[in-house]
Structures are given as C-alpha cells and as structure tokens.
Amino acid sequence: MQASRLRSLVVATLCGVLLSLATGLVENPPEASVIGSRYYGYPLVWRVTRTLQPADLNLINLAVDALLWFVVSLPAIIILDKILSCT
C-alpha cells in the first residue's frame with residue numbers, strides 16, 4: 001500500500017513538472033503586451049521572449065504551474081491505478 005502511494009506521488013510529481021514545462025511551448029498572450037514580446041506558459045506566464053534578447057524566466061510562476069499540474073494529475077493517477085488494479 002505504501003509503495004503504491006509513493007509511486008503515485010512520484011509519477012504525479014513528474015507529470016506536474018513535465019506538463020508545466022510543456023506549457024512553456026504554448027503561447028499565452030495577454031490582452032495588452034509589449035510589441036515584440038511573446039509570452040509562454042499556461043495558466044501563468046512563466047517564459048517571456050523578446051526580439052534579439054534572451055528569454056526571461058519567472059521561476060515562481062513555473063513552480064506554481066508545476067504545483068497546479070501536480071494537483072490535477074494526482075487524482076487522475078490514483079483513479080487510473082485503482083481501475084488498473086481491479087482488472
């Protein structure tokens with residue numbers, strides 16, 4: 001039972017981190033923005049790119065996104081684990 005919970009937590013953590021990093025590929029433009037800037041991340045913008053400049057990363061927003069995706073994926077993984085263990 002403990003191993004199953006630990007495995008679910010580890011998988012949910014990995015899913016949260018990977019999903020938040022994957023959202024860095026999704027453009028999320030605000031209603032008003034600076035010309036030449038592109039905003040990436042969902043639901044919070046955590047990566048901003050500007051023309052001819054390096055990307056600006058907001059690590060707090062990235063951590064909040066990872067936490068959000070962890071909270072979303074944990075129940076899904078627990079439900080899938082219970083469904084697959086019953087068969």
Side-chain angles (χ1 to χ4, degrees):
M1 188 71 163
Q2 282 291 28
S4 175
R5 286 184 184 175
L6 181 62
R7 185 177 67 231
S8 295
L9 285 174
V10 169
V11 171
T13 302
L14 287 174
C15 284
V17 169
L18 291 176
L19 284 171
S20 63
L21 290 175
T23 63
L25 302 174
V26 178
E27 190 171 356
N28 187 11
E31 292 184 19
S33 66
V34 177
I35 295 174
S37 294
R38 292 183 175 232
Y39 301 88
Y40 297 94
Y42 185 82
L44 296 175
V45 173
W46 58 267
R47 183 172 71 107
V48 178
T49 59
R50 293 179 184 88
T51 307
L52 301 174
Q53 293 182 6
D56 181 28
L57 302 177
N58 187 340
L59 298 179
I60 293 173
N61 285 355
L62 177 60
V64 171
D65 274 353
L67 181 64
L68 169 86
W69 292 114
F70 168 79
V71 169
V72 168
S73 63
L74 184 62
I77 290 170
I78 290 172
I79 291 169
L80 283 174
D81 190 31
K82 288 191 186 266
I83 289 172
L84 294 176
S85 67
C86 290
T87 60

(request) Check whether Val71 and Leu74 end up in the same hydrophobic cluster, where Ile, Leu, Val, Met, Phe, Trp and Tyr are linked by side-chain heavy atoms less than 4.5 Å apart. (result) yes
(request) Spell out, yes or no, whether Val48 and Val26 are grouped together once hydrophobic residues are joined by side-chain heavy atoms under 4.5 Å, including indirect joins. (result) no
(message) Please enumerate all residues that pass salt bridge (Lys or Arg N to Asp or Glu O under 4.0 Å) together with Asp56, with sequence neighbours excluded.
(response) none
(request) Verify, without hydrogens or angle tests, whether Thr51 (side chain) and Gly36 (backbone) share a donor-acceptor contact under 3.5 angstrom. (result)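 Such a contact is found between Thr51 side chain and Gly36 backbone.
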[X]: hydrophobic cluster co-members (side-chain, 4.5 Å):
{"X": "Val72", "value": "Leu19, Tyr42, Leu68, Trp69"}
{"X": "Leu25", "value": "none"}
{"X": "Val17", "value": "Leu21, Trp46, Leu57, Leu59, Leu62"}

Within this structure, what is the [atom1]-[atom2] distance for the pair [X] and [Y], rounded to the nearest 0.5 Å?
{"X": "Asn61", "Y": "Ser20", "atom1": "CG", "atom2": "OG", "result": "11.5 Å"}
{"X": "Ile79", "Y": "Leu84", "atom1": "CD1", "atom2": "CG", "result": "12.0 Å"}
{"X": "Phe70", "Y": "Leu14", "atom1": "CZ", "atom2": "CG", "result": "10.5 Å"}
{"X": "Ser37", "Y": "Ile35", "atom1": "OG", "atom2": "CD1", "result": "9.5 Å"}
{"X": "Asp65", "Y": "Ile60", "atom1": "CG", "atom2": "CD1", "result": "12.5 Å"}

(message) For residues 26-36, which residue pairs pass the salt bridge (charged side-chain N to carboxylate O under 4.0 Å, His left out) check, not counting sequence neighbours?
(response)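 Of all non-adjacent pairs touching residues 26-36, those that pass salt bridge (charged side-chain N to carboxylate O under 4.0 Å, His left out) are Glu27-Arg38.
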(message) Between Arg50 and Val34, is the side-chain contact (heavy atoms from CB on, under 4.5 Å) condition met? List the steps.
(response) CA-CA 9 Å; Arg50 293 179 184 88; Val34 177; 5.7 Å; no
(request) Compare every heavy atom of Ser73 with every heavy atom of Ala12, then report the nearest pair and how far apart it is. (result)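 Closest heavy-atom pair between Ala12 and Ser73: O-OG, 3.4 Å.
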(request) Compare every heavy atom of Val45 with every heavy atom of Asn28, then report the nearest pair and how far apart it is. (result)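 In terms of heavy atoms, the two residues are closest at O-CG2, 3.7 Å.
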(request) Only counting residues at least two apart or in another chain, list the ones meeting side-chain contact (heavy atoms from CB on, under 4.5 Å) with Pro30. (result) Ser33, Tyr39
